[in-house]
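One structure is given below, encoded as structure tokens.
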Protein chains: 2
Amino acid sequence: MSDDVEKPRIRMRDVARRAGVSAITVSRVLSAPDKVAPETRAAVWSAVEALGYVPNLAAGTLKSQRSRIVAAIVPTLRNAIFAETVEGMADALRAEGYQLLLAASGYDPAIEEASVMAFLGRQPDGLILTGIEHSDAVRARLAAARLPVVETWDLGASPIDMLVGFSNYDAGAAITRDLARSGYRRIAFAGTEREARAVQRRAGYRDAVRALGMPATEVAVAAAGLSIADGADVIARLLAEGGGADAVFFANDYLAFGALVECQRRGVPVPGQLAIAGFGDFEIARESLPGLTTVRIPGYAIGREAAGLVMRRLAGAAVDRRIVDLGFEIVRRASA
Amino acid sequence: MSDDVEKPRIRMRDVARRAGVSAITVSRVLSAPDKVAPETRAAVWSAVEALGYVPNLAAGTLKSQRSRIVAAIVPTLRNAIFAETVEGMADALRAEGYQLLLAASGYDPAIEEASVMAFLGRQPDGLILTGIEHSDAVRARLAAARLPVVETWDLGASPIDMLVGFSNYDAGAAITRDLARSGYRRIAFAGTEREARAVQRRAGYRDAVRALGMPATEVAVAAAGLSIADGADVIARLLAEGGGADAVFFANDYLAFGALVECQRRGVPVPGQLAIAGFGDFEIARESLPGLTTVRIPGYAIGREAAGLVMRRLAGAAVDRRIVDLGFEIVRRASA
DNA sequence: ATGAAAGCGCTAACAT
DNA sequence: ATGTTAGCGCTTTCAT
């Protein structure tokens, strides 16, 4: 802990002196090398290497008003759902020299708001949010901040700025109709009420069963409702209630997998006595036995596209499609 | 795209003028409110609110040489393994007003190196890396940068700076001995050679079976070897080879789960004909049928502790334990 | 308890 | 193709 001799940080002018040029030339070599003569460029490069120069981006950001940072807020990283989207963003951003500033909100609007406030001070060039429900304070700040904003994972008529997602309502309705087409007549839904997108899926389910003249049975799941154990719990409650459902549509594949395992534990044949459908098409849906019928969502693509929209807007492109619907796909497997 | 009237950004001096004080007083209210008289503080606060002032942290970082950013690089977010560690970091950092700058390396040392270089320019106050294997260039830069560095998820005698993890070697040896204690006599190992920590687990396995006078059987898994499908593949190859293993220790729970499902598909009784053990104690290990015997790892705690070490060092505390061993725990379930 | 002056390290704007 | 000047918006230092 006794670091006495604090070597002074290497600055751009040190590189410039060594290369026999001025600081601005070093700046150009680093950010617009085409504007510098090849020999000069080489001299600067070798000075940079020799000194181990690392540009201070805080200074650059202050002067240029561009940070090359894009900030993103997702509900959680603790499951595959948003992790893929984050990797999609990170990959796209890295390819263009942008960096990702990340926060997880834990599905808590207050934390989302606090994160937005904290992020804005970093002068991000763009911001990516999950979902279309945000506090008024967030909307007001983002309007004032005049930076590209992309909302994700949902669809809606009036985004803050841009929007990349799919219709959770349509997806919920589509899988419900698909189950009906397969012959199921008493289709239940299970999912959390705490997450806006799961609620949309439920609304799609509800309207679909009504349109089909079938009864609606809904089982609320605790809290975030993302754990496998929550799905097992649903089965216990469904069987105890004796509602006689012949199929259950779960708001995500973890719940559905938990339900599947619980059925196996109890000797309930799937899909013989009870059919099970999930949502997300996570790897577990592909690899479980039987495989899970589910809805495939373009999680990684949502991340890439959201980052792409931000960067295109920053590059000055007039982004024509402010709302991008990446769709979904029903995947039929043996569980339903 | 025709945003003509660019409202000028609100600066600290605008807030100061409205509150009838100088800029430095505003600065103090925001970062050290105790040094300002209560009435002044209130006046500044209401000016901040009224104007919607957001401090420019790039300017603050430039002057103060502190960014309140901690950067972290993990191999991937695409599975529970590191996502928990990242959430542990993010939670701990947010609690202290730090922000997380994140990159995923995809297990590629070149990307890790590029990310370190890119991050350093942001003047992070600390850096958290995964593992203890890093390029010479990375080590050299970090030594020169003089910032707190924490390596994670492993143990070793000579960390760059600080280290939080557990012994993958010991964990591999421990579960192997545990399998032997349960009566298995031909224990195989399956895992990727591409990941340093999996290789350590294998080394522990190898030395343990040797010490027990048992044969070693190793099955290499493709690439990152993190998918459930890779585990199914291992079973196919093991059975084809006919080596007569009675137990398999997999380098992670996804592989083990894939193997379990493949056994069920083929009618191979688990653990009757083949016992299966995993690594990580992910939720899938708890919820599969049968449950997976595995090694529990403190992923979230590693993240919290790593962030905590960085922040304690920044707070000026003489960090005594530069190496923190968070240990592991054998979890016996029905699969072995 | 509050303020004035200075400058962090870079890049935009304007020369040459 | 390269250089000069100025200043981005804060916070440190030193005063009062």
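Here is the naming used below: chain letters follow the sequence lines, and residue numbers restart at 1 for every chain.
There is a side-chain donor-acceptor pair under 3.5 Å between A/Arg122 and B/Gln99.
Rounded to whole Å, the distance from CG on A/Asp14 to C1' on C/dC8 is 14 Å.
Shown here are the side chain to side chain contact (heavy atoms under 4.5 Å, CB included) partners of B/Ser135, two or more places apart in sequence or in another chain: B/Glu113, B/Ala137, B/Val138. By the side chain to side chain contact (heavy atoms under 4.5 Å, CB included) test, B/Ser64 pairs with B/Arg66, sequence neighbours left out.
Counting heavy atoms from C-beta on, the side chains of B/Arg13 and B/Val26 never come closer than 4.5 Å. In this structure, B/Leu309 and B/Val324 have side chains that are in contact, with non-hydrogen atoms separated by less than 4.5 Å.
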Per-nt protein contacts along nucleotides 2-10 of chain D (heavy atom under 4.0 Å; B base, S backbone sugar-phosphate only, - none) come out as BBB--BBBB
